[in-house]
Amino acid sequence: MAYDSNNIFAKILRGEIPCEKVYENDYALAFKDIAPQAPVHTLVIPKGAYVSFDDFSANASDVEIAGYIRAIGVVARDAGVLESGYRILSNIGEDGGQEVPHLHVHIFGGRRLGTMVKPANKS
């Protein structure tokens with residue numbers, strides 16, 4: 001998947017599409033998901049043009065990586081889900097369910113989330 005500079009997250013970073021921002025630092029922007037799947041459902045995106053976590057981990061600078069990962073922790077703590085628990089999820093590629101070609105991490109919390117991946121059917 002190639003980076004598309006007209007993806008929705010790139011447009012949000014440029015201010016072309018509004019978002020309900022909850023956190024921002026020099027390396028990341030966090031905002032509420034427009035179709036939440038849990039009481040807490042926040043997206044955290046890097047400010048750089050990275051397609052996926054693989055692209056980011058291979059090509060981002062150490063300072064970008066630290067700034068982004070720290071942002072994810074701050075957002076989870078600020079959302080008040082640290083004690084009860086939360087899930088972070090990043091889809092990578094077609095089989096992983098990635099829909100937008102810009103790295104993003106979902107933070108889910110505020111209720112019991114259940115099983116992440118169902119066991120394969122054994123026929």
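All values below come from the heavy atoms of this structure, side chains included, with hydrogens, waters and symmetry mates left out. Please read these numbers as outputs of a predicted model, since none were measured by experiment.
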Subject >> Residues clustered with I34, ILVMFWY side-chain links under 4.5 angstrom >> reply: none
Subject >> Those residues that, when tested against E20, pass salt bridge (charged side-chain N to carboxylate O under 4.0 Å, His left out) (two or more places apart) >> reply: K32
My understanding is that only residues two or more places apart in sequence, or in another chain, count here; which of them pass side chain to side chain contact (heavy atoms under 4.5 Å, CB included) with [X]?
X: I65; value: F56, A60, I69
X: A28; value: N25, V44, Y68, A71
X: K21; value: C19, E24, L29

[X], [Y]: one ILVMFWY side-chain cluster at the under-4.5 Å cut-off?
X: L103; Y: Y27; result: no
X: F108; Y: V22; result: no
X: L113; Y: L89; result: yes
X: Y3; Y: I17; result: no
X: I45; Y: F53; result: no

Interatomic spacing from [atom1] in [X] to [atom2] in [Y] - rounded to 0.5 Å:
X: I8; Y: E99; atom1: CD1; atom2: CD; value: 11.0 Å
X: F31; Y: I12; atom1: CZ; atom2: CD1; value: 4.0 Å
X: I72; Y: I88; atom1: CD1; atom2: CD1; value: 5.5 Å

**OP:** Among residues two or more places apart or on two chains, list those pairs meeting salt bridge (Lys or Arg N to Asp or Glu O under 4.0 Å) that have a residue in residues 61-83.
**Re:** none
**OP:** Measure from the side-chain N and O atoms of R14 to the backbone N and O of F9, and report whether any donor-acceptor pair falls under 3.5 Å.
**Re:** no
Original post:
Can you check whether V51's main-chain N or O pairs, donor with acceptor, with Q98's side chain at less than 3.5 Å?
Top reply: yes
Taking all atoms of both residues into account, what is the closest heavy-atom pair of [X] and [Y], and its distance?
X: N7; Y: P101; result: ND2-O, 3.7 Å
X: A38; Y: G109; result: CB-O, 3.6 Å
X: D54; Y: S57; result: O-OG, 3.1 Å
X: P39; Y: G110; result: CG-O, 3.7 Å
X: V75; Y: A30; result: CG2-CB, 3.5 Å
X: A49; Y: D55; result: O-OD2, 4.1 Å

**OP:** Take L13 and K47 through the test side-chain contact (heavy atoms from CB on, under 4.5 Å) and record every step on the way to the result.
**Re:** CA-CA 7 Å; L13 285 169; K47 290 188 173 178; 3.9 Å; yes
**OP:** Please check if any side-chain donor atom of Y50 sits under 3.5 Å from a side-chain acceptor atom of H102, or the reverse.
**Re:** no
Original post:
Could you go step by step and tell me if H41 and I107 meet the side-chain contact (heavy atoms from CB on, under 4.5 Å) rule?
Top reply: CA-CA 5 Å; H41 186 173; I107 299 174; over 6 Å; no
Original post:
Is the number of heavy atoms from other residues, nucleotides or ligands under 6.0 Å of I92 CD1 greater than 12?
Top reply: yes
